[in-house]
Amino acid sequence: MIADFLDAHERHWDDAEMLFNANRLANADHLYGLAAECGLKRLMIAFGMNIDPTTGSPINRQDRFHANQAWTRFESYRSGYHNGVSYQLPPNDPFYDWDASQRYAHQSNFSQGLAISHRNGAGAVYELLTKAVLEGIV
Amino acid sequence: MITFDQILPAIYQVLSPLKEDLKKLGTIVINRDLNGRVRLVLEAKLYDKAETAGAIDSIVRKMSDRLGSHGFPADRMVLFEPSLEAVKQGTQHFRLEGFDDVIVIDRLASETDWAKIAPVASGASRIVFFSIKGGVGRSTASAVAAWSLAQSGKRVMVLDLDLESPGISSSLLPHERRPTYGITDWLVEDLVDNGAEVFENMVARSDLSYDGEIYVVPAHGNDPGEYVAKLGRVWMPKIDGQGSRESWSMRLNRLLLELEEEWQPDVFIIDSRAGIDEVASACITDLGAKGVLLFSIDGEQTWSGYNILFRHWHRTGVVRDIRERLQLVGAMIPEVNGAEYFDGLREQSWLAFAEELYDEVPAGESADTYFSFDQGDENAPHYPWPIRWHRGFAALQSIHSRFQRIDEDELTAIFGPLVAGVHAIVGEEGEHHD
């Protein structure tokens with residue numbers, strides 16, 4: 001299957017919201033991380049990231065990351081693209097304490113506070129994507 | 001297949017027979033993106049609603065068919081957003097003519113759109129010298145105006161905003177008096193919060209006026225440095241830590257306020273870039289100018305340019321905000337057949353103003369209550385302030401030495417109406433800084 005980061009961002013976000021509203025915090029938290037990663041990768045393509053057309057995935061190894069590395073990597077693309085100035089993320093990385101391996105952890109580890117901070121981070125990415133769609137850059 | 005100029009007429013044609021359907025949808029947004037592709041944006045509450053699904057589907061299909069390359073496939077043509085106000089925020093938008101609830105949002109790659117007219121700035125008067133074409137004596141005339149205002153006791157600050165072709169500084173300052181930095185340096189340093197480093201050394205006092213003061217802020221300093229690399233960053237907006245955005249013209253406006261506080265000028269003379277250009281737009285629409293002098297030579301290029309601008313102001317509904325600040329200047333009136341040339345210029349100017357900027361006076365009513373002028377009305381904004389061509393003032397590079405032995409009678413003969421007009425804009429009373 002070929003990567004479609006915009007669609008993946010939207011479905012992860014939508015499903016995370018459904019789980020969050022049903023108080024299924026552990027899996028909501030996981031999907032917020034995936035939504036942020038996919039959304040930022042889609043924006044990075046608009047800002048010049050090279051992708052392999054046969055897979056839709058980034059060519060550069062450094063561009064293959066999870067949500068907890070996404071904030072800084074995104075910034076390096078954004079600052080090199082003059083329209084990127086309008087696509088600023090909140091300054092503090094909300095995913096510093098998120099890790100893909102947490103999907104193996106027990107659900108009692110996932111507090112509402114933790115899920116809300118990741119929800120806010122993914123929500124900020126969601127807003128940038130909305131703007132990018134309206135401006136026609138993705 | 002339609003092209004850009006047919007987008008709005010095509011949308012008009014699609015929507016006109018569907019007015020009943022539109023009523024069910026409330027406000028709708030036509031979003032014309034950076035590439036000139038159009039999407040419909042509707043309120044999220046309409047998503048998946050049975051009563052409106054048919055109407056939306058019908059509009060979307062027709063728009064998608066009609067717009068071709070300037071639209072999207074029907075299944076991607078519509079976006080649902082929780083707040084249309086949020087979608088409009090910070091964008092240029094206007095009502096589609098003929099519809100009360102259809103808003104067109106235009107997303108431009110450049111920051112300035114010529115259609116947000118700042119109110120007249122309080123404090124020192126700001127007078128902008130603009131032309132569609134370069135090389136018409138605009139910078140020379142602004143130097144003369146500055147000199148004359150200073151001779152009458154005003155403190156005058158001249159800003160060279162012709163950043164891509166700087167020049168006025170050379171007419172007012174000999175090379176050795178030029179400051180270390182210029183406007184470009186400040187705009188670049190400001191991006192990294194370092195404007196204070198250049199602020200004290202970007203203004204020089206001209207030695208041409210004995211009774212008043214002329215301060216000159218050049219486009220670049222004595223040594224232009226890496227000018228091209230700096231110019232390419234001048235247009236950057238600045239985003240602070242909280243994410244609030246300051247466009248480059250807002251930054252420029254902040255610079256003017258800081259200069260005003262530091263140097264206390266009575267008037268700013270702003271030499272703008274020529275043409276329908278980003279800097280010119282900032283000068284004319286964003287800085288709160290009290291007067292905008294439109295330098296003109298008679299010819300197709302001039303009138304085509306002014307017609308484009310005037311029509312844009314008309315279409316975006318801002319004519320009333322700008323028209324009373326405009327004044328046409330007839331540049332380089334030739335020595336031979338000058339009177340005939342002037343008549344032709346006046347006629348063309350009147351046609352351009354009357355078509356887009358002047359009110360239409362209904363039959364039987366007095367023109368006095370309307371913003372409307374006869375072609376021969378000397379007080380009308382279209383009536384050119386004439387500047388006679390003169391070989392002594394034609395070459396800008398020699399002008400500093402030219403000014404040093406200035407003959408007031410000669411100057412009045414050439415620039416008299418302009419000088420009088422500029423004095424009238426500034427006003428003679430109550431605006432002095434002591």
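Per chain, numbering begins at 1; letters A, B, ... match sequence-line order.
- Atom CG of B:Asp75 sits in a crowded spot, with more than 12 heavy atoms from other residues, nucleotides or ligands closer than 6.0 Å.
- Residues of residues 128-138 of chain A lying within less than 4.5 angstrom of chain B, judged on heavy atoms, are A:Thr130, A:Val133, A:Leu134, A:Glu135, A:Gly136, A:Ile137 in numerical order.
- The 12-atom threshold is not exceeded at OH of A:Tyr126, counting heavy atoms of other residues, nucleotides or ligands nearer than 6.0 Å.
- For B:Arg233, the CZ atom counts as loosely surrounded, since its 6.0 Å shell holds 12 or fewer non-hydrogen atoms of other residues, nucleotides or ligands.
- Among the residues in residues 29-45 of chain B, those with a non-hydrogen atom closer than 4.5 angstrom to a non-hydrogen atom of chain A are B:Asn31, B:Asp33, B:Leu34, B:Asn35, B:Arg39, B:Val41.
- Near-neighbour residues of residues 112-119 of chain A relative to chain B, defined by a heavy atom under 4.5 Å from a heavy atom of that chain, are none.
- Using a 4.5 Å cut-off between non-hydrogen atoms, no part of residues 10-34 of chain A approaches chain B.
- More than 12 heavy-atom neighbours from other residues, nucleotides or ligands sit within 6.0 angstrom of CZ on B:Phe80.
- Annotation for B:Tyr47: atom OH does not count as buried by contact number, only 12 or fewer foreign heavy atoms lying within 6.0 Å.
- Under a cut-off of 6.0 angstrom, the local environment of CZ in A:Arg103 is crowded, with over 12 non-hydrogen atoms contributed by other residues, nucleotides or ligands.
- Enclosure of atom CD in A:Glu127 is not indicated, since only 12 or fewer non-hydrogen atoms of other residues, nucleotides or ligands lie within 6.0 angstrom.
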